[in-house]
Amino acid sequence: MTTNEKSDFIREIIDEDLKTNKFEGRVHTRFPPEPNGYLHIGHAKSIRLNYEIAKDYQGKFNLRFDDTNPEKEEQEYVDSIIEDVKWLGGDFEDRLFYASDYFEQMYEFAVALIKKGKAYVCDLSADEIRSTRGTLTEPGTESPYRNRIVEENLILFEQMRKGNIPDGTKTLRAKIDMASPNINLRDPIMYRIVHEGHHRQGDKWCVYPTYDWAHGIEDSIEGITHSICTLEFENHRPLYDWYINELGIYHPQQIEFARLNITYTMLSKRRLLQLVQEHHVSGWDDPRMPTIVGFRRRGYTAESIKMFCDKIGVSKKDSIIDVAMLEWSIREDLNKNAQRAMAVLNPVKVIITNYPENKVEELPAVNNPEDESAGTRIVPFGRELFIEQDDFREVPPPKYYRLSPGTEVRLRYAYIIKCAKVIKDAQGNIIEIHCIYDPETKSGLPTANRKVKATIHWVSAHDAVNAEVRLYDRLFIKEDPDEVEEGKDFLSNLNPNSLQVLTHCKVEPMLGAAAPGDRFQFERVGYFCTDAKDSKPGAPVFNRIVTLKDTWAKIVQQGKK
RNA sequence: UGGGGUGUAGCCAAGCGGUAAGGCAGCGGCCUUUGGAGCCGCCACUCCCAGGUUCGAAUCCUGGCACCCCAGCCA
């Protein structure tokens, strides 16, 4: 096996099927979302898995909405899902399908099952069905309507469809085995009556198929070969197979894999909806959300998410991926591709007292040290600058390399400066740092190579652009957001500091013209993305995508232990 | 207590009877005009446990144990 050949248990199954010619050499996968919410990174894992498999085996990949429940589904979700799947590179070409387009066919199949004596109309209420289903250890009891004659079932089912039977009073059930150890086989419900408009079908239907009944039919109609889903559907596979076998239709193979979990991250659609509805976040696209729209607004690239999905692999083991893996993916991408810039988030003024009063120099700065073709740009330098408050300490702690009274640092792309004096206000806050520069140390000069411990970034005070910077941190303070004290829920694990807004940042001129969605590395700070909604020309707003790895922070951290 | 799954390092994950890949994290060092990046090195004498088969077992057999899923007219 070559090193770059992918291998996982699903591909092994496909290889075997190819060998035995189970599907005449075809590979056809699908991603079947229910349009009841926005896609999150867990869906990205599934999209990439299904798409990559189809691509690698020269097969096909479908996008199919599993829109069988009108009570929860909306067109807004359909639209966002299509956009997100495309953004993630899931190319379904012209194969965009809707389960609801198969409703007539499903209805006919149901009639066929009734005629076979394998399905019946049941008058039991939801409560009665629950109480007759039995338990995990005890068998259920048969419905008194189980042996209705075919003709009666046909008539009643038609009436259900016509809409003259109230919600919840009748269902169509498969006649399987009330004593099965697999509860899914205890006469499962195929249709329920729901008088609710459907986002695509309008009022055409008032009976809606359940997942188990619908899904295999959908896969079969589309000629799917490998129907890949998550582990919780493993118990449903016998039912998936039963329906298809009884119908005698083309039979795809269902395969289950472990869904994605990430530390400090909530990936439950229901809970993400709750975060949005209760305004714990600004919306589905809040940059702290693990949704695809959230990651996109935050500044994550599609490429980084693809890399992440490749790296985590696929198996049947319940797993929780370290969020550091995700952060690694975006740094890996942006280190190679992001334009560098200088931005001072928490500014303090530096005055270079021996630098001429009105002099301005235009200094060349490298756009990307990892990519020579990115070229250079010009940054203005002058007598008054802003530097990061963190880059100066009046009393430097051990191993602190940056500026402090009497020490020297290099200003990136400029000169070496030495701190001569600290100016404070009446409260003792540092308001100015007076330095002297050494003209011989200008970057590029042969005499510039004097070693100093640190290089710091800066922005010319005269030319600085004011910016807002939003520092995002993890949304939850616990690795497992669901790990809570008695009586509390996951909301108690929300990180109160997940968003910090800085409104007085000073950034280099080039950043004033940044377009929405542009990504930068603010040197020594992190990767940032111009906010697509709130950033304006001349008044830019930047989202922090991820920090740079910070060795100094680690030293500080270790010092505290 | 029924059924279905899963156990390889802190987190993922290869491995398919021939003597434990790789990545993330971590830890050293080198290099550096980003405390970034890069480079080098370290990081499982052992694969949930106990027996057995075998010249040889993470891989096969037997018996345990732990964890996850299932009692929606959700998907």
Side-chain angles (χ1 to χ4, degrees), chain A residues 1 3 7-8 12 32-34 36 66 68-69 71-72 122 124-126 129-131 133-140 167-173 180-186 188-194 207-208 210-212 214-215 229-238 256 258 263 269-270 310-329 331 335-336 340 342 366 369-370 399-402 409-414 416 441 443-444 448-457 479 521-526 547-555:
Chain A
M1 191 184 293
T3 48
S7 169
D8 56 60
E12 279 177 19
E34 183 190 13
N36 67 344
D66 203 5
T68 58
N69 183 359
E71 293 176 323
K72 293 183 176 176
C122 181
L124 257 26
S125 69
I129 287 179
R130 190 184 320 117
S131 60
R133 189 154 27 221
T135 67
L136 294 179
T137 53
E138 298 158 323
D167 288 11
T169 57
K170 280 182 172 45
T171 56
L172 184 72
R173 292 227 258 168
S180 173
N182 182 339
I183 292 178
N184 295 126
L185 263 19
R186 318 239 263 228
I189 285 160
M190 295 164 60
Y191 279 93
R192 71 275 201 180
I193 301 170
V194 183
V207 286
Y208 286 90
T210 53
Y211 169 86
D212 289 305
H215 207 85
C229 61
T230 45
L231 246 30
E232 65 269 28
F233 292 105
E234 208 152 21
N235 296 328
H236 295 244
R237 193 172 61 228
E256 310 83 12
T263 56
K269 255 180 164 182
R270 213 199 110 252
D310 281 349
K311 285 284 173 196
I312 59 177
V314 54
S315 74
K316 298 191 69 156
K317 190 173 95 172
D318 281 311
S319 60
I320 304 171
I321 305 291
D322 191 331
V323 71
M325 196 83 96
L326 229 194
E327 294 175 347
W328 171 84
S329 304
R331 286 191 187 111
N335 173 51
K336 294 190 177 78
R340 310 290 131 123
M342 290 201 284
V366 172
E370 305 292 316
K399 293 185 185 167
Y400 186 83
Y401 300 161
R402 283 111 94 152
V409 293
R410 172 172 292 282
L411 294 173
R412 177 130 243 229
Y413 303 123
I416 290 174
T441 60
S443 285
N449 292 327
R450 178 144 55 90
K451 295 283 181 226
V452 286
K453 278 276 186 88
T455 297
I456 65 172
H457 58 99
E479 270 197 29
Q521 183 198 98
F522 290 175
E523 292 205 44
R524 301 207 308 129
V525 180
T547 61
L548 244 32
K549 275 209 268 181
D550 189 347
T551 306
W552 170 242
K554 203 170 281 180
I555 292 166

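Chain letters run A, B, ... following the sequence lines, proteins first and then strands; every chain starts at 1.
Nucleic acid contact class of A/Val525 (heavy atoms, under 4.0 Å, all strands): none. Across all strands shown, A/Phe522 has no heavy atoms under 4.0 Å from either base or sugar-phosphate atoms. At a threshold of 4.0 angstrom between heavy atoms, the contacts of A/Ile555 include nucleobase atoms, whether or not backbone atoms are also involved. Residue A/Tyr413 is in base contact, counting any heavy-atom pair closer than 4.0 Å across all strands shown. Note on A/Gly526: nothing from the nucleic acid sits closer than 4.0 angstrom, heavy atoms only. If you check every strand for non-hydrogen atoms under 4.0 Å, A/Gln521 touches a base. Heavy atoms of A/Arg186 sit nowhere under 4.0 angstrom from any nucleic acid atom. Within 4.0 Å of A/Glu256, counting heavy atoms only, lies no atom of the nucleic acid at all.
A distance of 4.5 Å separates NE2 in A/His457 from CZ in A/Arg524, rounded to the nearest 0.5 Å.
Of the candidates B/U34, B/A14, B/A13, the closest approach to any side-chain atom of A/Asp8 belongs to B/A14. Distances from the side chain of A/Glu12 to the nucleotides B/C16, B/U34, B/G35 place B/C16 closest. Taking the side chain of A/Ser443 as heavy atoms from C-beta on, and the options B/G35, B/U33, B/C12, the nearest nucleotide is B/U33.
Here the separation of B/G63 from B/U46, taken at their P atoms, is 27 Å to the nearest Å. Rounded to the nearest Å, the gap between the P atom of B/A9 and that of B/A71 is 31 Å. Comparing B/C43 with B/G23, their P atoms are spaced 14 Å from each other, to the whole Å.
In this structure, A/Ile321 and A/Arg410 both approach RNA chain B, and ranking their closest nucleotides by distance from the 5' end singles out A/Ile321. When each of A/Glu234 and A/Asn335 is assigned the nucleotide of RNA chain B with its nearest heavy atom, A/Glu234 is the one assigned upstream, toward the 5' end.
Pairing of B/G38, defined by two Watson-Crick or G-U wobble distances under 3.5 Å, is identified with B/C30. Nucleotide B/A75 forms a pair with no other nucleotide shown, judged by Watson-Crick or G-U wobble geometry with both contacts under 3.5 Å.
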Per-nucleotide protein contact string for nucleotides 66-75 of chain B, where B marks a base within reach and S marks sugar-phosphate only (heavy atoms under 4.0 Å, - for neither) = --SBBBSBSB
Encode nucleotides 23-30 of chain B as B, S and - characters from 5' to 3', where the letter depends on protein heavy atoms closer than 4.0 Å: B to the base, S only to sugar-phosphate, - to neither.
-> BSSSS---
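For the pair A/Glu370 CD and B/C39 C1', the computed distance is 13 Å after rounding to whole Å.
Using a 4.0 Å cut-off on heavy atoms, the residues of residues 450-457 of chain A that approach RNA chain B are A/Lys451, A/Thr455, listed by number.
When all heavy atoms of A/Asp66 and A/Glu34 are compared, the pair lying nearest together is O-CG, 3.6 Å.
Nucleotide B/G72 carries a syn base; the chi torsion (O4'-C1'-N9-C4 or O4'-C1'-N1-C2) is within 90° of 0. Nucleotide B/C39 carries an anti base; the chi torsion (O4'-C1'-N9-C4 or O4'-C1'-N1-C2) is more than 90° from 0.
Ion pair A/Lys316/A/Glu234 flagged as a salt bridge, since at least one NZ, NE, NH1 or NH2 atom sits closer than 4.0 Å to an Asp/Glu carboxylate oxygen.
OP1 or OP2 of B/G15 sits under 4.0 Å from a side-chain N or O of A/Ser7.
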